[in-house]
Each structure stands twice: as structure tokens, then as C-alpha cells.
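The block underneath contains the structure these notes are about, expressed in C-alpha cells.
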Amino acid sequence: MSASIRTLDDLLAEGVSGRRVLVRADLNVPLDKQTGAITDDGRIRAVLPTLGALTEAGAKVVVCSHLGRPKGEPDPQFSLNPVAGRLGELLGTPVHFASDTVGESAQAVVAALADGEVALLENLRFNKGETSKDDAERGAFADQLAAFGDAYVDDAFGAVHRKHASVYDVPARLPHVAGRLVLREVEVLSTLTGDPERPYVVVLGGSKVSDKLAVIEALLPTVDRLLIGGGMCFTFLKAQGHEVGTSLLEKDMVETCRNLLERADGKIMLPVDVVAADAFAPDAAHDVVPADGIPSHRVGLDIGPETVAGFAAALRGSAAGGTANARTIFWNGPMGVFEMAAFANGTRGVAEAIAESDAFSVVGGGDSAAAVRALGLDEKSFGHISTGGGASLEYLEGKTLPGIAALEN
Ligand code: ADP
Ligand code: MG
């Protein structure tokens, strides 16, 4: 990390006992649409080292986060209340929940905190000021948040690419440091943008090509191979002149993809077969078809077995294919609709190949990380599982991240 950024250890060395420390965390966990239960608590666990260090040191810890995309006003389906419960279980100490973010409840909860105790404020995005494009509106909200802390810790790596009040404006108002998670994320990602060990293989999937084109552009010169699956492969297949049926397609990106393929120097690997279904549904009839022969009425929901084998060979190395073991791997985006068991094989196969390779592997992306856990893979077989999808991609693109820049000042 940049030498000018102070870290949690610097803050701890000053002593935090009895001081109020405002922690911006990323507790934006996926919730079950029917029951509202937390389906993956990885992001909560990721912030425990920072919170544990602060409570142990006797700080009064005030945690804030966003969850989902409420529209600047309270919306019960996006309440952080269930997260407070789970956070308390994991920390082994009750978490005092404030039913608003900067209102009466928050003020009372923060005022009542004892040394070593933790409070969680209600969803930041219940307030227009959090995400406002207007500096004054964001600033006014940041003033209210900053009043809850004597120091500020940013441990919300998943949000550092946002110019939001809690990430960008609060650190301008309080002594600020990077938490353990942010520090680790930046250390790992900087090895990828620096001088990664080769072969360096990147696997991209997920749903939106337009979101990820910039990262493809930025990575092409540095990677040895770029494997593309998931919903985004169909725009590339279309660019190669293939019909893709009713698969996910971003028509206005086809030309850009064609251009990228031309400049890629053979580095880009696309699927050779796909699992095509009659409908976007868990129980839809489906079979494997060649990637250049998707029937017009069918939808591609996963990469096929031959593709998985080819991708695995590129990752793990294959004597037959004359490819070397990857030494560095970055993976973002599931290879198929892994949420439906019938279309999870591609993601599982690629994830297993990454886990088995002895490369240093980084998994970035909320859904990709969730897939690793949902498929029951051992998190320890990956070098690093990033908590930030957009943030890790923007970092790899070489963009300035507002939340990191704010810590540098
Ligand atoms: P991440 O969060 O890891 O960055 P994305 O958000 O870009 O990943 O994409 C994840 C989503 O992509 C998943 O919900 C998955 O179901 C979807 N997806 C993957 N393959 C396909 C496909 N062939 N068609 C439609 N959606 C897909
Ligand atoms: Mg996602």
C-alpha cells in the first residue's frame, strides 16, 4: 500500500481505549429473496480482524455499511438488522443496533457504548446524502456520521471505488486509517498490476460485458491468456459471427468485442461448447451444443464440458496441449448460472481447476466469491478471495479509487 496511507496498526499504537472509532465496513451480504436470511456471510467474516482488534484494544466501535440499493430512504427489505445479529454471533459479543443511521436511535446507541462494545448503524443508503452527486449534500451527511467517531477506519474494500459520503467525505473530517481488509486487498491486487509471475491467466465471466470491457482492455497487454465464459461470452461469440439464440447479448458491444478479438493476438479463449436450455429456469430441458451452433430458440446458461477441459488445461497446464502451469490467476465472474444446479458445472469445473493449480490465485467479485462457498470449495485453496467485485476490477484497470485516494490525504 502507498506509503502515505496510515493503517490500523498505526491507530492501535496511538491507543484507542475509550475512543470512539467509526468503521466503514462492507456488510452488503446477499439475502434470500423469500426469507430474507443471509445466504453468504463472507463479507461479515472479512471485517472481523479489524473489529476484533479494536474491541480488544477497548475502543467504542461504531460500524456503518450499506446493504443493497435502497433509494435514499428507509426500506425494510434492506435493513441491516439481521446483519447485526450475525455479526454479534461471529464476534462473540452482542452488537447494539441503531434503527436509523444518524438520527435519534443512532445518537442514543453511540452515546451508550461502553469501552470494547460495538454498535451497528442502520443502512447508510437510507439517506440521500450517502450517494449524492452533490458535494454539499454528501458533506452534510458526512458531518453527521463523523460526529460519531474520534477516528475513522475504512475496511470496506467493496465500496472504495465509490465517491460516497462514508467512503470519501468522512475521512476528510477525521483522522483516518486503512483497516486490515483494505490493506490486504490492496497488497494482493498490487502484485497483479505490478509484475505477476507468468504465465498469468485471467478468467472472466458473469453477466455484463459492458461492465468488464474496460478491464479486458487494461489487462490484455499484461496477461498471457484471457478465458471468457459466463453470460458475457455470447457477445464475443456473436462478434465471431456465431448465432447465440436467446442468450444474453449486448448488441451495442459486439463491434467493440470484435475489435478486442482482433487486437488480442490469440490470447482470448472462448467457449467451444455451451449448455443450451429451453428457458431461463432451474428445471428447463437442456443439452450441450457447439458454441457455433446454438439453436435460435435456446439460451446458453453455462459453458460446456469440452470448454471446461480446455480452460482447466490453460489453468493447470497440460503436457498434451503444450501449455504451462499458470503461476498467477485472476478470476472474476461465474461461468454460468451457477445459482441453478443444472448450470453450475462450468463454474465448479473452472473453480476446481483454479483451486488445484499451484498458481497464486485471486478471486474477485461478489458472485464469484459466493460461488466458491456455495459450491463447497475450500476457500483456503485460493490465494485470496476479494470482497470487492467492482472495486477489484477498477483497481486492476488502474483507476484512482476515491476511497483509497481519501485515505492518502
Ligand atoms: P461477480 O459478482 O462475480 O462480478 P457478475 O455480477 O458479473 O459476477 O455476474 C454474476 C451473475 O452472472 C450470476 O448471477 C450468474 O447467474 C450470471 N450468469 C453467468 N452466466 C450466465 C449466462 N450464461 N446467462 C445469464 N446469466 C449468467
Ligand atoms: Mg455480481
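In listed order, ligands and their atoms are each counted from 1.
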Table please: side-chain donor-acceptor pairs of residues 331-344 below 3.5 Å, with sequence neighbours left out.
| residue | atom | partner | partner atom | Å |
| --- | --- | --- | --- | --- |
| W331 | NE1 | G333 | O | 2.9 |
| N332 | OD1 | K212 | NZ | 2.5 |
| N332 | ND2 | G364 | O | 3.0 |

Any N/O pair L248/ligand 1 closer than 3.5 Å |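 Between L248 and ligand 1 (N or O atoms, distance only) the closest approach is not under 3.5 Å.
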Any nitrogen or oxygen of S368, main chain or side chain, under 3.5 Å from a nitrogen or oxygen of ligand 1?
->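 Such a contact does occur with ligand 1.
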With a 4.0 Å cut-off on heavy atoms, is S207 touching ligand 1?
->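 Per 4.0 Å heavy-atom rule, S207 contacts ligand 1.
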With no hydrogens and no angle check, do the side chains of [X] and [Y] hold a donor and an acceptor under 3.5 Å apart?
X	Y	answer
S79	E122	yes
S4	E408	no
T93	E117	no
E185	T387	yes

Can you tell me the protein heavy atom closest to [atom] and the distance?
atom	answer
atom 6 (O) of ligand 1	D367 OD2, 3.0 Å
atom 8 (O) of ligand 1	P334 CD, 3.6 Å
atom 19 (C) of ligand 1	G336 O, 3.1 Å
atom 14 (O) of ligand 1	E339 OE2, 2.5 Å
atom 21 (C) of ligand 1	G231 N, 3.3 Å

Please check if atom [atom1] in [X] has more than 12 non-hydrogen atoms from other residues, nucleotides or ligands closer than 6.0 Å.
X	atom1	answer
D195	CG	no
E379	CD	yes
K267	NZ	yes

Taking only heavy atoms of [X], which atoms of ligand 1 are found under 4.0 Å from at least one of them?
X	result
G333	3 (O), 8 (O)
K212	4 (O), 5 (P), 7 (O), 8 (O)
F234	23 (N)
G365	1 (P), 2 (O), 3 (O), 4 (O)
G300	22 (C), 23 (N), 24 (N)

From the options H164, H176, H66, select the one residue that forms a side-chain hydrogen bond (donor to acceptor under 3.5 Å, both in side chains) with R24.
->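 When side-chain hydrogen bond (donor to acceptor under 3.5 Å, both in side chains) is applied between R24 and each of H164, H176, H66, only H66 qualifies.
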What N/O/S atom of D367 is the closest to the Mg ion (ligand 2)?
->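 Distance check against the Mg ion (ligand 2) picks out OD2 in D367.
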Nearest non-hydrogen atom to atom 25 (C) of ligand 1 belongs to which of V372, N332, V337, V244?
->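 Going through V372, N332, V337, V244 one by one, V337 has the nearest heavy atom to atom 25 (C) of ligand 1.
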Heavy atoms only: give me the nearest V167-V160 pair and the separation to one decimal.
->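 Scanning both residues, the minimum pair turns out to be CG1-CA, 3.9 Å.
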